[in-house]
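Worksheet: the structure to be examined is printed underneath.
Both backbone and side-chain heavy atoms feed into the values below; hydrogens, waters and symmetry mates do not.
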Amino acid sequence: MATAFRRILQLLAFLLVLALVASACGNDDDDDGGSAGETPPATASASPESTPAAAPTEEAPAASGPSEGIAAAAARIEAFREPQGALAIDEPLAERPEGKTAAYIQCGVPVCEEIRIGIAGAAESLGMSLEVFNHDDTPENVASAWQAALDAGVDVVLASGNPREFFAEQLAQFQSRGVPAIVWSIPEGFEPGDGITANLLTADDYYFYGVLLADYALAQTGGEGDVIFFGLPAFPVLSILESGFTDEMADKCPDCSVRNVSIDLTALLAGEVPGQVVSAIQSTGDPTHLIFAFGGMLFGVPEAMADAGLDVPAASQAGGGLNFGFIAEGNVQTAEMGLASEFLGWRAMDAAARALAGQSVGRADTPQTAEIDGHPDVLASGLPLQVLEADDMGFLETDPNLLWPGVEDFKALFEELWAG
């Protein structure tokens with residue numbers, strides 16, 4: 001009963017995340033994936049006949065044959081099953097920012113609180129003060145929070161997710177004062193400029209998450225049967241992710257059968273996704289794998305599939321505790337492309353401290369297994385990324401509510417870099 005109640009709370013939290021991000025990002029244009037406004041109303045009523053993957057793009061020429069492509073996909077997945085044992089940014093901090101003040105412009109969704117915990121712990125370790133300015137992700141309140149931080153005269157500002165148009169006026173004033181701005185999860189590059197010092201989750205990162213999900217499906221199925229991709233095109237970054245998935249399937253297995261099912265945000269918020277997933281599976285025939293653009297889309301799906309007598313494995317990215325529970329229990333979901341929220345808070349403060357010291361914020365080398373033509377900023381920020389499966393769920397043993405740390409003992413490793 002306690003587990004069920006916790007899952008209900010997590011579901012409500014993720015639905016709140018989606019509703020607020022939709023209001024914040026729904027009209028944000030993006031070169032890679034288009035905008036939500038350009039996406040026709042999405043339903044799960046795509047034609048039941050599966051279609052071959054789209055033709056490979058010029059940037060991603062087709063592999064020499066299906067077996068070679070699938071072998072390459074499996075090799076990449078094997079590489080990303082390995083945990084990241086050290087920090088990707090290992091240059092010591094030149095000067096500790098003791099006595100400086102950081103502002104965190106905190107959005108109104110639960111994951112931003114998880115990131116705040118990381119930011120607060122890192123600020124204390126660095127000897128910095130932290131001021132938090134909350135908002136509810138509406139354009140007016142985002143601008144008000146940025147203005148409050150500006151009026152407070154802080155030395156560095158950190159924020160996530162909201163389109164820069166919401167706070168462009170304040171950002172310009174921070175830039176004129178020489179105040180660094182560290183952000184994440186905007187559909188731009190790693191060092192986009194125009195007032196933003198670093199973007200720790202880039203458009204290229206989201207593209208690569210799609211590539212990795214495609215590789216996982218190919219590695220699991222061997223290119224046999226139908227793969228169903230459930231997209232959420234209301235969000236520009238998830239449209240970028242879907243492009244990565246589609247391109248990789250076309251490159252590694254051009255004759256593989258892929259069905260893309262677009263889920264409308266209103267259907268997600270109304271709790272209609274489990275029924276749409278069941279309908280898509282039943283109308284496809286005998287799919288071998290399900291891929292979800294976002295972990296929160298899986299809420300309620302295992303129960304609906306069980307009621308319908310269906311058993312098809314699934315994977316997603318950017319999921320949370322509920323997804324980790326599914327994986328640990330062997331309940332439909334078999335893998336998560338893991339991201340670490342508290343780690344992100346520490347890395348954001350690391351980048352802020354480096355900017356205040358006059359250093360580069362630090363750019364990680366893209367692993368050879370993550371190199372994609374035309375996408376130079378994949379994993380540039382040094383955030384960990386791992387294919388998490390049942391054997392990786394040991395961190396839940398002491399507390400089922402824990403989140404994936406990303407790198408073992410990462411706090412101590414950051415503090416070693418900051419020791420001076």
List the residues meeting side-chain contact (heavy atoms from CB on, under 4.5 Å) with Ala88, not counting sequence neighbours, and say none if there are none. Gln84, Ala364

The criterion is ring-ring contact (aromatic ring centres under 6.0 Å, His included); which residues satisfy it with Phe80, sequence neighbours excluded? Phe208

Across all chains, not counting sequence neighbours, the salt bridge (charged side-chain N to carboxylate O under 4.0 Å, His left out) partners of Arg76 are Asp215, Glu248

What residues form a ring-ring contact (aromatic ring centres under 6.0 Å, His included) with Tyr206, not counting sequence neighbours? Tyr209

Look only at the side chain of Arg116 and the backbone of Gly345, and say whether a donor-acceptor pair between them is shorter than 3.5 Å. no

Keeping Ser279 on the side-chain end and Gly275 on the backbone end, is there a donor-acceptor pair under 3.5 Å? yes

Applied to residues 77-88, the salt bridge (charged side-chain N to carboxylate O under 4.0 Å, His left out) test, sequence neighbours excluded, yields Glu78-Arg81, Arg81-Glu389

Let's go through Leu298 and Asn323 carefully: what are the C-alpha distance in whole Å and the side-chain angles of both, what is the deciding distance for side-chain contact (heavy atoms from CB on, under 4.5 Å) to 0.1 Å, and is it a yes or a no? CA-CA 8 Å; Leu298 269 155; Asn323 300 93; 3.7 Å; yes

Check: Thr334 side chain, Ala314 main-chain N or O, donor-acceptor pair, under 3.5 Å: yes

Expected output: side-chain Gln333 to main-chain Ala335 donor-acceptor under 3.5 Å: yes

My understanding is that only residues two or more places apart in sequence, or in another chain, count here; which of them pass side-chain contact (heavy atoms from CB on, under 4.5 Å) with Gln359? Glu91, Leu93, Ala94, Arg354, Ala357

Carboxylate-amine/guanidinium contact Glu342 Lys411, below 4.0 Å: yes

Residue pairs meeting ring-ring contact (aromatic ring centres under 6.0 Å, His included), one or both in residues 239-280, sequence neighbours left out, come to Phe229-Phe245

Under 30°, 30 to 60°, or over 60°: which ring-plane class applies to Phe395 and Phe324, parallel, tilted or perpendicular? perpendicular

Side chains of Thr138 and Asn141: donor-acceptor distance under 3.5 Å anywhere? yes

Any donor-acceptor pair under 3.5 Å from Tyr104 side chain to Cys112 backbone: yes

Partners passing side-chain contact (heavy atoms from CB on, under 4.5 Å) against Ala102 (at least two apart in sequence or in another chain): Met128, Leu130, Val156, Leu158, Met349

Could you go step by step and tell me if Asp226 and Ser257 meet the side-chain hydrogen bond (donor to acceptor under 3.5 Å, both in side chains) rule? CA-CA 5 Å; Asp226 295 288; Ser257 185; 2.4 Å; yes

Sequence neighbours excluded, which residues qualify as side-chain contact (heavy atoms from CB on, under 4.5 Å) partners of Thr288? Thr221, Val227

Across all chains, not counting sequence neighbours, the ring-ring contact (aromatic ring centres under 6.0 Å, His included) partners of Phe343 are Phe410, Phe414

Test log, rule side-chain contact (heavy atoms from CB on, under 4.5 Å), inputs Ile115 and Gln106: CA-CA 9 Å; Ile115 296 169; Gln106 181 170 336; over 6 Å; no

Does anything in residues 246-274 pair up under ring-ring contact (aromatic ring centres under 6.0 Å, His included), and if so which pairs, sequence neighbours excluded? none

Aromatic ring pairing Phe167/Trp146, orientation class (parallel under 30°, perpendicular over 60°, tilted between): parallel

Sub-3.5 Å donor-acceptor pair from the side chain of Asn199 to the main-chain atoms of Glu191, do we have one? no

Tell me every residue that passes salt bridge (charged side-chain N to carboxylate O under 4.0 Å, His left out) with Asp377, counting only those two or more places apart in sequence or in another chain. Arg363

Hey, are Asp350 and Trp418 close enough side-chain-wise for a donor-acceptor pair under 3.5 Å? yes

Does Thr246 reach the main-chain N or O of Ser243 with its side chain, forming a donor-acceptor pair under 3.5 Å? no

Counting only N and O atoms by type, is there a donor-acceptor contact under 3.5 Å from the side chain of Trp346 to the main-chain atoms of Gly118? yes

Donor-acceptor check, side chain of Arg347 to backbone of Ser381, threshold 3.5 angstrom: yes or no? yes

Give a yes or no answer on whether the side chain of Thr202 reaches the backbone of Asp205 with a donor-acceptor pair at less than 3.5 Å. yes

